[in-house]
Asks: 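Structure below; questions to follow.
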Amino acid sequence: DLNKPHRRSAFLTYAKADEPAVDLVDLKMALALACQRARNYGRDEPDRRWEALMEEMAACKYERMEEDATGKVVPTIDVTALAEA
């Protein structure tokens, strides 16, 4: 159940701890699909928080541009902001 920020944070931490680590883009997609499923099956909260989170992820709210080790600027996922959403 990922309806609380500390649970989402723990989920992301455990996913990054595995070797090899889970791709954060895949995690974001899985979370977005879970939000979509909650909406489609009428399991969203009355305030429609899961649909809102899905829309925010689609709008790249939790992504930022950073420079990688080679100097190339690439999009990265702000896991802290996503966990706190």
Asks: Find the distance between OH (Tyr62) and CG (Leu31) and round it off to the nearest 0.5 Å.
Replies: 9.5 Å

Asks: Not counting sequence neighbours, which residues clear side-chain contact (heavy atoms from CB on, under 4.5 Å) with Asp47? List them please.
Replies: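 Counting only residues at least two positions away or on another chain, Asp47 forms a side-chain contact (heavy atoms from CB on, under 4.5 Å) with Glu45, Arg49.
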
Asks: Can you list the residues that meet the side-chain hydrogen bond (donor to acceptor under 3.5 Å, both in side chains) rule with Arg37, with sequence neighbours excluded?
Replies: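 side-chain hydrogen bond (donor to acceptor under 3.5 Å, both in side chains) list for Arg37, sorted by chain: empty.
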
Asks: Return the set of residues passing side-chain hydrogen bond (donor to acceptor under 3.5 Å, both in side chains) with Glu51 (not counting sequence neighbours), or none when no residue passes.
Replies: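 Testing Glu51 for side-chain hydrogen bond (donor to acceptor under 3.5 Å, both in side chains), a comparison that skips the adjacent residues, returns Arg48.
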
Asks: What residues form a side-chain hydrogen bond (donor to acceptor under 3.5 Å, both in side chains) with Glu63, not counting sequence neighbours?
Replies: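 Here the qualifying residues are Lys28.
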
Asks: Compile the donor-acceptor pairs under 3.5 Å between side chains in residues 68-85 and protein atoms, sequence neighbours left out, one pair per line.
Replies:
from: Asp68; atom 1: OD1; to: Thr70; atom 2: N; distance (Å): 3.0
from: Asp68; atom 1: OD1; to: Thr70; atom 2: OG1; distance (Å): 2.7
from: Asp68; atom 1: OD1; to: Gly71; atom 2: N; distance (Å): 3.1
from: Asp68; atom 1: OD1; to: Lys72; atom 2: N; distance (Å): 2.9
from: Asp68; atom 1: OD2; to: Thr70; atom 2: OG1; distance (Å): 3.4
from: Thr76; atom 1: OG1; to: Arg64; atom 2: O; distance (Å): 3.3
from: Asp78; atom 1: OD1; to: Arg64; atom 2: NH1; distance (Å): 3.3
from: Asp78; atom 1: OD1; to: Thr80; atom 2: N; distance (Å): 3.4
from: Asp78; atom 1: OD1; to: Ala81; atom 2: N; distance (Å): 3.2
from: Asp78; atom 1: OD2; to: Arg64; atom 2: NH1; distance (Å): 3.4

Asks: Rounded at 0.5 Å granularity, tell me how far SG in Cys35 sits from CD in Glu56.
Replies: 9.5 Å

Asks: Between the main-chain N or O of Ala38 and the side-chain N or O of Asp44, is there a donor-acceptor pair closer than 3.5 Å?
Replies: no

